[in-house]
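Here's the structure, in structure tokens; my notes come after.
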Amino acid sequence: MKTILLASILVMVQPVFGQSVSNTQCNLAVGEEVFALCSACHTRSTAEPAREGPSLFGVIGRKAGSVSGYKFSPALSGSGWTWDENMLNQFLKNPRQALPGTTMTFIGLKSETERRAVACYMGTF
Amino acid sequence: MRLKLTKIISLLWLVFFSQTPALASNSNPELQAVLRDLMTWWPGEYDTLAQVKIEQQQGAPPDGPHDRQYRVFARVNVPHIGENVIYGEVHSVNKDGPLIKGQQVLYIVSIDNEQQAVVVRGRRIKDGALHEQAHLYPEKLHTLELDSAYGGNCDFRFRRYGRDLRGWLANAGQAGTVCTMQSKVTGQTMTWDADWAITPSEIWVFDNGYLQNPAQPEKLGRLFAGREDRVAERLYKGRPFTCSIRGIADGKELKNSAVRTVVLHDRGGELNLGDFGSAGHKLRLLRLPQPAPAPEYWADVLTLSVVADVQDKTMMESRATPWARTVKLNTDTLQARCKI
């Protein structure tokens with residue numbers, strides 16, 4: 001009986017605990033590794049010349065499609081989105097399905113662990 | 001002794017016959033014909049809307065539905081770059097959709113007798129933003145240059161396979177069916193696994209890009225562009241129709257309503273109807289393969305329709321045979337007529 005009770009408490013607590021971990025824990029090593037895929041088209045700073053995509057410097061908290069001098073797709077600039085870790089997590093799963101009309105050709109990241117890690121890593125620059 | 005000689009002669013015949021078909025199927029006259037057909041079939045406007053619609057109706061492949069894309073390929077006169085050159089650009093969604101950066105490419109076509117193939121060197125152009133729709137503006141062609149920052153040195157090698165022309169990507173001058181390149185900007189190593197099939201009416205594009213992990217250089221790396229299921233994108237070649245549209249009310253032409261004339265291709269050419277009092281709607285010309293008249297036989301159906309932007313819902317539609325030269329649509333608010 002005690003075991004069942006303990007298990008029930010754990011089942012109830014785990015999602016909350018799990019969520020708080022994923023929101024606060026940042027696996028920068030994985031994030032940096034995954035970011036290599038992004039860096040083919042995006043820089044981490046504004047000092048380097050822009051590549052195919054806009055600089056991701058300061059992307060967290062930024063309104064989507066708002067980097068001056070970069071021509072965004074109407075889909076992105078009209079999305080009304082503001083980038084945060086959750087939004088990046090959703091978008092990076094499959095960018096072209098998340099935002100039809102985007103010109104980003106990246107295939108996406110199936111692993112939520114990787115998406116969370118890279119989104120968190122993007123918050124460091 | 002005689003037996004040994006017979007064996008040697010048999011072996012020589014075997015070697016001769018095993019090589020002959022390869023040589024014969026890629027002789028210079030045959031490659032000339034491949035080059036001619038490539039330069040004839042390839043140019044045109046292409047749309048993947050038919051593939052998107054078929055996947056919606058019949059089911060999507062494992063990686064999910066394909067995205068809609070519009071591509072244009074046009075032969076361009078750029079003697080400073082080559083004799084047989086095709087310019088290509090890609091737009092997301094449709095012809096009026098945004099240009100995909102880095103995908104404005106000059107395809108330089110030539111015969112390579114050593115490789116026994118028609119070689120297509122796709123090279124990114126410099127200053128793409130300044131050269132959008134370069135094929136429509138001769139003044140832009142003079143300033144077209146290849147992008148020296150592009151690290152790729154890959155060639156498609158096209159040969160004839162039955163009716164189709166098929167090209168596999170490889171490192172220039174080397175054997176193989178993938179191309180490995182190093183980005184001059186980031187230093188990253190990428191491998192492209194690509195194969196295109198060109199017919200008079202369609203292009204099938206398979207194009208997967210992998211990013212190498214420096215810690216595991218012996219492996220292909222991670223897929224970052226393309227599709228895991230390796231299902232080709234089908235580009236359907238459009239025929240240009242001239243369409244006249246006029247606004248009407250109560251069956252009469254609206255005062256001050258000028259006839260609008262536009263050219264729409266029949267693989268998904270579209271006109272926004274905002275100017276005709278139908279904001280959020282578009283006129284669409286589409287020739288779509290359909291399981292008709294029986295499921296085992298598919299045939300194109302040509303439609304002219306009014307489509308709502310929301311959920312791409314068809315509001316009104318008229319149909320014609322696939323090779324009809326005229327198709328008309330009358331609604332409460334407009335009259336449209338398209339002819340080729």
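Just so we're on the same page: letters track the sequence lines, and every chain starts at 1. Everything numeric here is computed off the predicted structure, so don't read it as measured data.
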NZ/K126(B): more than 12 non-hydrogen atoms of other groups inside 6.0 Å:
no

Let me confirm one number: the CG-CG distance from N94(A) to D67(B), rounded to the nearest 0.5 Å.
7.0 Å

Around atom CH2 of W81(A), are there more than 12 heavy atoms of other residues, nucleotides or ligands at under 6.0 Å?
yes

Under 6.0 Å from the NZ atom of K53(B), do we count more than 12 heavy atoms belonging to anything else shown?
yes

What's the spacing between H42(A) NE2 and T186(B) OG1 if we round to 0.5 Å?
12.5 Å

When the 4.5 angstrom heavy-atom criterion is applied to P65(B) and chain A, the contacting part is both

Minimal heavy-atom distance between F224(B) and F106(A), with the atoms involved, is O-CD1, 3.3 Å

I need the minimum non-hydrogen distance between G64(B) and Q97(A), along with the two atoms involved.
CA-NE2, 4.1 Å

OH (Y150(B)) with more than 12 external heavy atoms under 6.0 Å
yes

Taking heavy atoms only and a threshold strictly under 4.5 Å, list by residue number the residues of residues 264-273 of chain B that touch chain A; give 'none' if the list is empty.
none

In terms of heavy-atom proximity below 4.5 Å to chain A, should R68(B) be classed as side chain, backbone, both, or neither?
neither

Contact part of T43(A) toward chain B, heavy-atom cut-off under 4.5 Å: side chain, backbone, both or neither?
neither

What residue in E48(A), R51(A), M104(A) has the most heavy-atom pairs under 4.5 Å with chain B?
R51(A)

What heavy-atom pair brings V93(B) and G101(A) nearest, and what distance separates the two atoms?
CG2-CA, 3.5 Å

Specify which of N94(B), I100(B), L99(B) makes the most heavy-atom pairs with chain A at under 4.5 Å.
I100(B)

Measuring from atom OG of S73(A) to atom NE2 of H91(B), what distance do you get when rounded to the nearest 0.5 angstrom?
13.5 Å

Could you please state which residues from residues 188-195 of chain B sit under 4.5 angstrom from chain A, measuring non-hydrogen atom to non-hydrogen atom, sorted by number, or 'none'?
Q188(B), M190(B)

Can a donor-acceptor pair be found, under 3.5 Å and without considering hydrogens, that links the side chain of K101(B) to the backbone of K71(A)?
yes

Counting heavy atoms not belonging to E218(B), are there more than 12 under 6.0 Å from its CD?
yes

Looking at L211(B) and A36(A), what are the two nearest heavy atoms and their distance?
CD2-O, 3.4 Å

Going from CD on E33(A) to CZ on R222(B), what distance comes out if it is rounded to the nearest 0.5 angstrom?
8.0 Å

Nearest heavy-atom pair of I107(A) and E228(B): which atoms, and what distance?
CD1-N, 4.1 Å

